[in-house]
Amino acid sequence: MTRTVARRPADTIAVRPVQGPSPVAGRRRRRLHDQARAYAFLLGGLLCFALFSWYPAIRAVVIAFQKYTPGSAPEWVGTANFTRVLHDPEFGAAWRNTLTFTLLALLIGFAIPFVLALVLNELRHAKAFFRVVVYLPVMIPPVVTALLWKWFYDPDAGLANEALRFAHLPTSNWTNGADTALLSLVAVATWANMGGTVLIYLAALQSIPGELYEAAELDGASLWQRIRHVTVPQTRFVILMLMLLQIIATMQVFTEPFVITGGGPEDATVTVLYLIYKYAFLYNDFGGACALSVMLLVLLGLFSALYLRLTRSGEENA
């Protein structure tokens with residue numbers, strides 16, 4: 001007896017489609033490939049940054065807790081370096097001078113660039129020329145700037161006292177006087193660094209809609225009222241950012257005291273960074289120098305965190 005096997009019709013056989021690569025997986029692979037290629041291009045810069053920035057910072061924190069002298073094995077001393085630095089008579093003077101320098105730089109070096117930016121913004125002719133003139137000091141190397149001003153402040157043959165004598169005015173000791181040295185250095189730092197600040201302010205001023213000024217003029221607002229009620233509110237975020245950046249920069253002042261005054265007279269211009277230099281290269285005390293560096297790092301880190309927070313808030317509100 002022959003047994004018949006029923007066959008399934010051909011059109012009822014389920015054919016499973018061939019699975020190709022997922023579009024999502026393909027996009028993910030392409031994104032990973034692009035990121036890997038980008039990091040490969042950045043690898044050289046990241047290595048240099050790690051070698052010359054991250055490693056010295058981490059190494060300084062470690063040495064701050066060690067008795068370290070080149071050529072000898074380091075010895076862990078805990079917080080002894082911090083205690084010794086805190087009891088140094090120059091410690092208080094250095095911080096006092098640094099904070100005074102920062103305050104004077106904010107009062108003088110923060111207002112002058114804003115006023116110059118307002119003047120440049122109102123110019124109708126030769127605006128590009130005056131921008132170059134204002135920015136020119138930034139292009140001069142800092143040491144060259146300090147040497148030029150050291151000659152300018154010379155009590156005997158300097159141009160500053162010569163100009164005062166020509167005008168029949170009393171001369172000054174400038175950087176040779178304990179009561180005028182720090183203020184003289186603030187003038188140097190302001191002249192040397194205000195160019196970039198002026199251009200940033202100028203860019204912020206040019207972004208203010210002209211309709212606001214026209215409406216203020218129609219309401220009878222004076223020049224001071226337009227600045228107070230239109231210019232300052234429209235540029236307050238830029239003003240705050242530059243103020244924080246200037247605090248961070250001025251608290252690291254070193255070139256002017258080192259080249260012009262050498263920390264004198266009578267420690268009137270010794271700053272924290274200059275004291276760090278003295279501990280490391282004059283006293284050969286790298287532990288104390290790194291302890292001071294860590295203190296300054298913590299303080300500047302707080303200002304940097306505030307700057308980043310405000311920047312992030314400004315981007316979210318933009």
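Keep in mind that the numbers below use all heavy atoms, side chains included, and drop hydrogens, waters and symmetry copies. Keep in mind it's a predicted model, so treat the numbers as computed, not measured.
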Q.
Is there a continuous path of hydrophobic side-chain contacts, each under 4.5 Å between heavy atoms, that joins Met243 to Leu306?
A. yes

### Query
Would you say Ile112 and Ile108 make side-chain contact, with heavy atoms under 4.5 Å?
yes

From CA spacing to verdict: side chain to side chain contact (heavy atoms under 4.5 Å, CB included), Ile239, Tyr201: CA-CA 8 Å; Ile239 292 174; Tyr201 277 141; 3.8 Å; yes

**Request:** Would you indicate whether Trp76, at its atom CH2, is surrounded by more than 12 heavy atoms from other residues, nucleotides or ligands within a distance under 6.0 Å?
**Result:** yes

In terms of heavy-atom contacts, Asp156 and Glu162 come closest through O-OE2, 3.7 Å

* Asked: Linking I/L/V/M/F/W/Y whenever any side-chain heavy atoms sit under 4.5 Å apart, do Phe65 and Val77 land together?
  -> no

The reported gap from CD in Gln234 to CG in Leu205 (rounded to nearest 0.5 angstrom) is 10.5 Å

Could you check whether any side-chain heavy atom of Thr175 comes within less than 4.5 Å of a side-chain heavy atom of Thr180, counting everything from C-beta outward? no

Tell me whether Val119 shares a hydrophobic cluster with Trp191, the cluster being built from Ile, Leu, Val, Met, Phe, Trp, Tyr side chains joined at under 4.5 Å.
no

For Tyr213, the side-chain hydrogen bond (donor to acceptor under 3.5 Å, both in side chains) test, sequence neighbours excluded, returns Thr231

Sorted by chain and residue number, the side-chain contact (heavy atoms from CB on, under 4.5 Å) partners of Ala160 (sequence neighbours excluded) come out as Phe152, Trp174

Applying ring pair (Phe, Tyr, Trp, His ring centres under 6.0 Å) to Tyr55 and not counting sequence neighbours gives none

Rounding to 0.5 Å, atoms CG (Leu169) and CG (Asn161) come to a distance of 11.0 Å

Smallest heavy-atom separation, Asn176 atom then Pro155 atom, equals ND2-CG, 2.8 Å

Using a 4.5 Å side-chain heavy-atom cut-off and chaining through intermediate ILVMFWY residues, the residues clustered with Leu42 come out as Tyr39, Leu46

Output for pair (Gln246 CD, Thr197 OG1), nearest 0.5 Å, gives 6.0 Å

Contacts of Arg31 meeting side-chain hydrogen bond (donor to acceptor under 3.5 Å, both in side chains) (sequence neighbours excluded), chain-then-number -> none

Audit row: Leu118, Glu122, side chain to side chain contact (heavy atoms under 4.5 Å, CB included) steps and yes/no
CA-CA 6 Å; Leu118 289 174; Glu122 295 298 324; 5.8 Å; no

For residues 256-282, run the donor-acceptor check on the side chains, cut-off 3.5 Å, and write out each pair with its distance to 0.1 Å, sequence neighbours left out.
from: Thr261; atom 1: OG1; to: Pro257; atom 2: O; distance (Å): 3.2
from: Thr261; atom 1: OG1; to: Gly263; atom 2: N; distance (Å): 3.4
from: Thr261; atom 1: OG1; to: Thr269; atom 2: OG1; distance (Å): 2.7
from: Thr269; atom 1: OG1; to: Gly263; atom 2: O; distance (Å): 3.2
from: Thr269; atom 1: OG1; to: Gly264; atom 2: N; distance (Å): 3.4
from: Thr269; atom 1: OG1; to: Gly264; atom 2: O; distance (Å): 2.6
from: Thr271; atom 1: OG1; to: Val253; atom 2: O; distance (Å): 3.0
from: Thr271; atom 1: OG1; to: Tyr274; atom 2: N; distance (Å): 3.3
from: Tyr274; atom 1: OH; to: Gly262; atom 2: O; distance (Å): 3.0
from: Lys278; atom 1: NZ; to: Glu90; atom 2: OE2; distance (Å): 2.7
from: Tyr279; atom 1: OH; to: Asp88; atom 2: OD2; distance (Å): 2.5

**Request:** Verify the cluster assignment for Ile58 and Leu292: are they in a single hydrophobic cluster under the rule of side-chain heavy atoms below 4.5 Å apart?
**Result:** no

Interatomic distance, CG@Leu106 vs CG@Leu242, rounded to 0.5 Å, equals 11.5 Å

Side chain to side chain, Val238 and Met241, heavy atoms closer than 4.5 Å = no

Checklist entry - If Ile, Leu, Val, Met, Phe, Trp and Tyr residues are connected whenever their side-chain heavy atoms lie under 4.5 Å apart, and connections chain through other members, are Leu297 and Phe52 in the same group? => result no

message: The test is side chain to side chain contact (heavy atoms under 4.5 Å, CB included); show your working for Met295 and Leu86 and say whether it passes.
response: CA-CA 10 Å; Met295 295 179 189; Leu86 288 172; 4.0 Å; yes

Exercise for review: Considering only NZ, NE, NH1 and NH2 on the basic side and carboxylate oxygens on the acidic side, decide whether Arg84 and Asp285 come within less than 4.0 Å.
Suggested key: yes

CG (Leu244) and CZ (Phe303) are apart, to the nearest 0.5 Å, by 7.5 Å

- Task: For the pair Cys290 and Asn81, evaluate side chain to side chain contact (heavy atoms under 4.5 Å, CB included) and give the outcome as yes or no after the intermediate values.
- Result: CA-CA 9 Å; Cys290 290; Asn81 291 327; over 6 Å; no

task: Would you check if the distance from the ring center of Trp54 to the ring center of Phe49 is below 6.0 Å?
output: yes

